[in-house]
Amino acid sequence: MEAANRIRSKLTGEFSVTQRPEPIPGDLRLGWGVSLLLLVLASSRGQRCSLQKIHFLAHLSRTAKSRRQMREVLARRRGPVDLSVRIEPWVNRASAFAAASGLVHVRGGKALALSDEGKKAVAAIRKEKVLEDEALFLEDVGSLTTEQVVERIMKMEAF
Amino acid sequence: MLRIRHIRLRADTTGGLYGTDVRLDGRLTVLHAPNTSGKSTVLHAFLYALGLEQMLSPRREIPLSYAMREYVQNPATGVEHKILESYVAVEIENATGQRVTVRRNVIAEGDRRLISVVSGPELTEGPGDYARRDYFVMDAGGAQREAGFHHFLADFMGWTLPVVKRFDGGDCPLYVETLFPLFFVEQKVGWTAIPGAIPTQFRIREVHRRSVEFLMDFETHDMELRRQDLELRMSSARTEWTKSVNGIVVLATTSGLRAARLPVAPTVLGSDVENAHLEFQQNGEWLRLEKRIAALAEQLETLQNESIPEVEGVAEGAATEAEALSAEILTLNTERSTIFRERQAEIVQQASTAQRVAQLEEDLLKNKDALKLRNFGSTLSRELDPNHCPTCEQAIDQSLLPQGTLDSVMSIEDNIEYLSAQRQVFKRLADRSIAMIRELDLELVSTGEEVRSKSARLRALKSDLIAPSHAASAAFIEERLRLEQELIRIGDTKGRFEQQLDALNEQAGAWRDLLAERAELPEARLSEEDVGKLSKLETSIRSQLVKYGFGTFPAKDLTVSRDSYRPEKEGFEIGFELSASDSVRLKWAYQLGLLDVSHGSETNHPGLVVFDEPRQQEAAEASVAGLLSEASRIASGRSQILIATSEDLSKVKGFLKGIECQLLVFDGKMIAPISGDATS
């Protein structure tokens with residue numbers, strides 16, 4: 001105790017504490033989100049799709065569990081009710097960044113399409129096998145998930 | 001050993017047969033021909049015939065000039081003739097004097113990856129009744145499979161190619177392409193590096209060191225291989241040990257016992273193994289099984305010595321005992337249900353930990369992907385992962401949260417580290433859960449055993465209470481039978497346990513041998529003999545350098561690194577400080593030095609050195625004279641040295657005065673029309 005008091009008497013200066021930088025989930029990283037957005041677009045017909053479908057697929061391709069569920073719904077082993085669909089704010093932010101960087105074009109405020117730069121980026125992402133599971137899922141599911149299917153699942157209707 | 005006896009190039013053209021023949025018989029051969037006459041084509045043809053083109057470039061292309069691939073020019077008329085078919089053939093000889101002729105097509109219908117080997121001196125002595133066999137090159141397994149030409153070549157040269165580690169952790173043979181650059185110095189890339197321009201596309205770890213070690217037959221090479229092999233055997237011994245220990249634990253657990261002081265990691269001490277013993281649980285305490293056996297035996301003996309009482313005599317005691325037993329069974333059952341609940345809770349905990357680990361792994365993967373994306377290079381990483389707003393150029397957080405939500409976002413690298421640390425913690429938790437569940441299982445089994453035996457006793461007591469008064473006491477008989485059976489059961493388990501312990505003891509012996517073997521491996525990387533060879537190399541290089549007029553620093557200051565086998569001065573590798581001419585001189589000296597060492601020492605050097613255009617323009621004339629006289633000296637020890645040069649012929653002749661050698665002079669193009677003789 002005496003020793004502790006002695007040490008304490010030496011510590012007369014002011015303390016300052018720096019906040020530690022905060023960790024964030026990998027899917028909220030800018031590069032990751034933008035890449036996923038590009039992969040969603042690349043998996044769609046004509047490399048373009050509506051904002052609704054982008055939100056739908058981006059959310060579902062994010063985790064292994066949701067990917068499995070979506071596959072089961074498309075194979076009609078589960079009903080659309082089991083699927084959690086969300087409008088993700090981060091998708092909007094990723095879209096804004098991608099549009100500003102010239103990776104995508106905005107079509108009438110409702111849809112996005114890949115630009116030539118975006119196509120190059122997708123090729124690089126696929127070649128380097130980044131976001132491998134997500135890309136694989138989107139390749140399988142993208143062509144089956146038409147705008148109409150998205151619309152019906154969002155309304156929890158059979159498709 | 002390898003000797004080149006004859007090199008033949010043939011091209012069938014629209015203007016007739018073209019080609020050249022180079023026959024080598026001297027120990028030192030100087031091949032003289034003017035520039036662009038096809039000297040390098042002839043030497044490259046030798047490499048091509050032996051399927052060694054990957055030594056020159058990782059691309060799988062024919063390393064021969066247009067004169068063997070597209071067209072030749074008639075030296076007299078200047079008319080160009082298209083090549084219809086072409087091939088190269090070489091006759092080589094090995095240490096036992098066996099000669100074979102190797103032929104490979106350049107332009108032809110057949111597969112270029114095929115090399116036909118005729119087992120006889122077809123080029124020097126004409127066609128004969130020799131066996132012929134096709135081998136392949138440039139395919140996976142060319143050095144390993146019997147049908148691979150490099151497998152044949154290594155065999156022919158008396159080489160046993162060692163297995164070496166690759167960067168990806170796999171194994172592969174030390175390919176012959178990585179060895180030839182040490183004695184075959186090719187004009188285009190060969191002069192650039194010491195010990196040699198060794199191809200790296202095979203992704204062999206420390207390939208420069210490994211090839212020199214093999215060529216010089218250093219014992220350290222064997223040592224490294226032995227070390228690797230020992231590591232492997234030790235790790236399999238560890239796995240075996242764990243397997244045995246797990247077997248013992250399972251044996252104990254199924255009998256409601258516990259194996260105590262079992263060495264989990266391999267040990268050499270037999271006493272450590274023998275210290276292991278079985279324990280049983282009594283009133284929450286773990287005691288040695290021997291105690292239980294003694295107690296049971298004693299009880300049994302007492303019972304056996306008594307005569308079987310009648311029910312009348314034991315009824316009173318039976319009633320009290322039955323009551324006490326019922327209470328005990330009740331307590332035990334409550335205890336068991338607590339254990340069971342704990343076990344269930346632990347299982348839930350384990351599942352949630354596993355889920356957490358899975359989530360962390362998923363997130364970790366995402367972060368790693370994000371890191372890869374950021375490091376993509378080019379402008380792509382800036383577009384995918386900008387650190388400034390692409391519109392207003394303000395700095396932004398690297399996240400997709402609303403800007404300004406977090407004071408500062410952790411960097412991806414830190415984030416990865418943070419997640420890895422968390423994952424490690426959760427993995428430890430999962431391990432702990434497994435251990436806990438195993439412990440609880442054991443308790444359930446052992447208390448279950450107790451409940452069962454107590455219930456049996458209770459049943460017997462109850463039957464005594466309702467039996468006629470002169471009947472024999474069932475409880476007494478039951479107790480005796482139970483004790484007997486229990487003793488047999490425990491004895492059986494103990495016997496099996498001891499058997500397995502014996503097996504473990506044997507493994508401890510094997511482990512001791514492995515440790516002893518490891519201790520025997522010398523500490524120093526190089527053996528005395530290896531160091532001897534290196535100092536021989538040093539001496540040879542120094543004496544040669546003096547003769548070549550090496551001037552950057554005194555030749556005696558030069559040493560050869562014990563580690564990288566490259567030349568050093570005062571412990572530093574020699575690099576740019578050398579003048580251009582001195583670095584050529586050093587290269588000559590090093591390559592000839594390797595051959596020089598093989599005289600009198602056991603090495604894998606094939607006793608052959610080839611210099612294509614040894615950059616004589618960069619060195620002084622005196623040096624070239626020195627090179628030729630040194631080459632002749634070294635070649636005289638039963639070696640072959642081939643030097644191709646375009647130096648002025650009269651000068652060359654001057655240098656060669658008094659030197660025993662074969663001088664081959666070609667005036668014009670080496671590939672020239674061939675009159676229709678039988679050598680086609």
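Chain letters run A, B, ... following the sequence lines, proteins first, then strands; residues in each count from 1.
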Nearest 0.5 Å please: distance from the [atom1] atom of [X] over to the [atom2] atom of [Y].
{"X": "Arg93(A)", "Y": "Ile396(B)", "atom1": "CZ", "atom2": "CD1", "result": "12.0 Å"}
{"X": "Glu88(A)", "Y": "Leu400(B)", "atom1": "CD", "atom2": "CG", "result": "10.5 Å"}
{"X": "Lys65(A)", "Y": "Gln355(B)", "atom1": "NZ", "atom2": "CD", "result": "7.0 Å"}
{"X": "Leu30(A)", "Y": "Ile412(B)", "atom1": "CG", "atom2": "CD1", "result": "9.5 Å"}
{"X": "Asp369(B)", "Y": "Arg29(A)", "atom1": "CG", "atom2": "CZ", "result": "12.5 Å"}

Leu365(B) portion near chain A, given a 4.5 angstrom heavy-atom threshold = side chain
Side chain, backbone, both or neither of Gln403(B) within contact of chain A (heavy atoms, under 4.5 Å) | side chain
More than 12 heavy atoms of other residues, nucleotides or ligands under 6.0 Å from [atom1] of [X]: is that the case?
{"X": "Gln394(B)", "atom1": "CD", "value": "no"}
{"X": "Arg428(B)", "atom1": "CZ", "value": "no"}
{"X": "Arg45(A)", "atom1": "CZ", "value": "no"}
{"X": "Arg423(B)", "atom1": "CZ", "value": "yes"}
{"X": "Glu157(A)", "atom1": "CD", "value": "yes"}

Looking only at heavy atoms, which two atoms of [X] and [Y] are closest? And how far apart?
{"X": "Glu134(A)", "Y": "Lys366(B)", "value": "OE2-CE, 4.0 Å"}
{"X": "Trp32(A)", "Y": "Ala370(B)", "value": "CD1-N, 4.2 Å"}
{"X": "Ser408(B)", "Y": "Pro21(A)", "value": "OG-CA, 3.2 Å"}
{"X": "Glu362(B)", "Y": "Arg62(A)", "value": "OE2-O, 3.6 Å"}
{"X": "Ala100(A)", "Y": "Thr391(B)", "value": "CB-OG1, 3.5 Å"}
{"X": "Ser35(A)", "Y": "Leu373(B)", "value": "OG-CD1, 3.1 Å"}

Counting heavy-atom pairs under 4.5 Å with chain B, the top scorer among Leu37(A), Val34(A), Leu131(A) is Leu131(A)
Side chain, backbone, both or neither of [X] within contact of chain B (heavy atoms, under 4.5 Å):
{"X": "Asn92(A)", "answer": "neither"}
{"X": "Ile24(A)", "answer": "both"}
{"X": "Lys129(A)", "answer": "backbone"}
{"X": "Pro89(A)", "answer": "neither"}

